Visitor: 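Okay, handing you the structure first.
Remember, it's 1-based here, ligands and their atoms both numbered in the order they're listed. Worth saying up front: this structure is predicted, and the values here are computed from it rather than measured.
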Amino acid sequence: MSGGRNGPLLLAVESSCDETSIALVEGGRRIHANVVASQVAMHAAAGGIVPEVAARAHLRWIVPVLEEAWSEAALEWSDVDGVAVTYGPGLAGSLLVGINFAKALAYVRGKPLIGVNHLEGHVYAAWLSASESAADRDGSAHEEPVFPLVALVVSGGHTFLAEMRDHLTYRLLGQTVDDAAGEAFDKVGRLLGLGYPGGPEIMRAAAGATRRDIVFPRAWMGTSYDFSFSGLKTAARRIVDAARADEGLPADDPKARLSRETIAELAYGFQESVVDVLVTKTIRAAEETSARSIVLGGGVAANRVLRERLVGEAQARGLPCIVPPPALCTDNGAMIGAAGAWRLAAGDRAGLDLDARPSLPLATR
Ligand code: KG4
Ligand code: ZN
């Protein structure tokens with residue numbers, strides 16, 4: 001640890017999907033810099049991520065992103081106590097760019113290298129001091145997650161609910177058996193003729209709904225904590241087709257778009273279904289495991305309705321619910337620096353043989 005600091009300062013690299021990001025994070029909490037170069041605009045034309053294109057873009061941007069991070073923070077290499085990097089899960093080529101870059105930095109600067117699970121990063125974003133809970137909004141002090149807790153991670157590739165009884169330990173309570181929540185948002189966004197990624201577009205469209213009378217199905221999966229979103233996608237297709245027929249639109253012409261009002265109602269109905277299932281299961285899991293707090297993370301946690309509903313339901317039960325600001329819910333390096341600090345403190349060190357693990361799990365049942 002460097003003098004005067006609250007814990008180790010980590011330089012953290014994230015490149016698992018379509019954001020190239022480098023952050024400088026102190027003590028797993030304080031962000032000195034968090035630069036994110038997003039490829040969203042680049043992949044929008046294809047309507048999704050093209051892995052080779054993503055990996056090449058990481059190569060193109062990783063050095064400028066590092067330079068930008070240094071220029072944002074009043075720090076230098078001598079302040080850095082370690083280099084943290086996402087080594088999975090994610091796209092193999094994208095992960096390799098970040099891992100090899102981080103390895104080279106750690107090696108030439110003589111710093112320890114820490115491999116971080118991307119999903120653990122989404123969980124640890126809740127410890128970053130910019131994260132909020134209902135208490136913060138009431139004007140009281142910033143609340144940190146307390147154990148035991150229940151963590152819901154909802155991203156483009158993953159949806160799971162885990163119990164944490166202490167740092168870095170996870171018991172999987174449930175996960176999606178098919179599509180991830182973010183994937184469902186993206187696919188339904190496409191069905192509605194909205195842009196990529198569908199999540200933020202659906203959230204914006206849904207805000208314009210007034211009738212709010214289109215009900216999408218909910219896949220409760222019995223009493224299990226597992227999730228399923230593929231049936232919802234199929235139902236969405238059926239409901240969208242019926243709405244198109246109602247408006248006299250040809251079924252096979254994507255340029256003939258539904259009216260703005262109908263898109264808003266459909267987006268609202270879909271979003272309600274996803275949020276309802278996510279919130280209901282998370283609250284039940286928190287009650288059944290006697291959790292003392294709830295943590296929400298992952299790109300879909302940028303959704304305002306999900307954030308507000310989960311925080312509200314938790315608050316009604318006297319449970320703090322900690323939610324990172326939207327920019328720390330979607331992929332970023334700061335969350336890797338947050339998780340990396342706890343890994344470093346636990347003595348975790350990666351060797352120069354650290355390899356990409358595209359299907360790295362976070363927890364098992
Ligand atoms: O965590 P993330 O940035 O990348 C992965 O690790 O997958 O999550 C990306 C996902 C996308 O599916 C995107 O549509 C979704 O998060 N997302 C949202 C919102 N913002 C991003 N979904 C719903 N509402 C949002 N506001
Ligand atoms: Zn992610």
Visitor: Among Leu10, Val35, Val80, which residue satisfies the side chain to side chain contact (heavy atoms under 4.5 Å, CB included) criterion with Leu24?
Guide: Val80
Visitor: So which heavy atom in the protein is nearest atom 22 (N) of ligand 1, and how far is it from that ligand atom?
Guide: Gly199 CA, 3.3 Å
Visitor: Numbering the atoms of ligand 1 from 1, which are under 4.0 Å from a heavy atom of Gly157?
Guide: 7 (O)
Visitor: Starting from atom 24 (N) of ligand 1, what is the nearest protein heavy atom, named by residue and atom, and what distance separates them?
Guide: Asn303 ND2, 3.0 Å
Visitor: Which label fits His167 and Trp127: parallel for a plane angle under 30°, tilted from 30 to 60°, or perpendicular past 60°?
Guide: tilted
Visitor: Fit a plane to each ring of His122 and His118, take the angle between them on a 0 to 90° scale, and name the class: parallel (under 30°), tilted (30 to 60°) or perpendicular (over 60°).
Guide: perpendicular
Visitor: Which atoms from ligand 1 have a heavy atom of Met203 less than 4.0 Å away?
Guide: 26 (N)
Visitor: Tell me, with the steps shown, if Glu288 and Tyr225 meet side-chain hydrogen bond (donor to acceptor under 3.5 Å, both in side chains).
Guide: CA-CA 11 Å; Glu288 285 181 6; Tyr225 291 122; 2.5 Å; yes
Visitor: Against heavy atoms of Gly182, which atoms of ligand 1 measure under 4.0 Å?
Guide: 12 (O)
Visitor: What is the closest protein heavy atom to atom 7 (O) of ligand 1, and at what distance does it sit?
Guide: Gly156 N, 2.8 Å
Visitor: Go through the steps for Gln271 and Asn303 under the test side-chain hydrogen bond (donor to acceptor under 3.5 Å, both in side chains), then give the verdict.
Guide: CA-CA 9 Å; Gln271 180 172 266; Asn303 186 281; 2.9 Å; yes
Visitor: Report yes if Gly198 has an N/O atom closer than 3.5 Å to an N/O atom of ligand 1; otherwise report no.
Guide: no
Visitor: Considering heavy atoms of the protein only, find what lies nearest to atom 17 (N) of ligand 1 and give residue, atom and distance to 0.1 Å.
Guide: Gly299 O, 3.4 Å
Visitor: Is His118 close enough to the Zn ion (ligand 2) to have an N, O or S atom under 2.8 Å?
Guide: yes
Visitor: Mind reading off the angle at the Zn ion (ligand 2) between the OD1 atom of Asp331 and the NE2 atom of His122, rounded to 10°?
Guide: 100°
Visitor: Would you mind listing which atoms of ligand 1 come within a distance below 4.0 Å of any non-hydrogen atom of Ala302?
Guide: 20 (N), 26 (N)
Visitor: I want to check something: taking the side chain as every heavy atom from C-beta on, are Arg30 and Asn6 in contact at a cut-off of under 4.5 Å?
Guide: no
Visitor: Which atoms from ligand 1 have a heavy atom of Asp186 less than 4.0 Å away?
Guide: 11 (C), 12 (O), 13 (C), 14 (O)
Visitor: What is the distance from atom CG of Asp81 to atom CD1 of Ile114, rounded to the nearest 0.5 Å?
Guide: 9.0 Å
Visitor: Apply the test side-chain hydrogen bond (donor to acceptor under 3.5 Å, both in side chains) to residues Ser15 and His58: give CA-CA distance (whole Å), side-chain angles for both, the deciding distance (0.1 Å), then the verdict.
Guide: CA-CA 7 Å; Ser15 70; His58 286 303; 4.8 Å; no
Visitor: Which atoms of ligand 1 are found less than 4.0 Å from any heavy atom of His122?
Guide: 1 (O), 6 (O)
Visitor: Specify the protein heavy atom at minimum distance from atom 4 (O) of ligand 1: its residue, its atom name, and the distance to 0.1 Å.
Guide: Asp331 OD2, 3.1 Å
Visitor: Between the side chain of Asn332 and the main-chain N/O of Met335, is any donor-acceptor distance below 3.5 Å?
Guide: yes
Visitor: Give, for atom CH2 of Trp70 and atom CH2 of Trp77, the distance between the pair rounded to the nearest 0.5 Å.
Guide: 5.0 Å
Visitor: With heavy-atom distances below 4.0 Å as the criterion, list the atoms of ligand 1 near Pro197.
Guide: 14 (O)
Visitor: Examine ligand 1 and decide if any of its atoms is less than 4.0 Å from a heavy atom belonging to His118.
Guide: yes
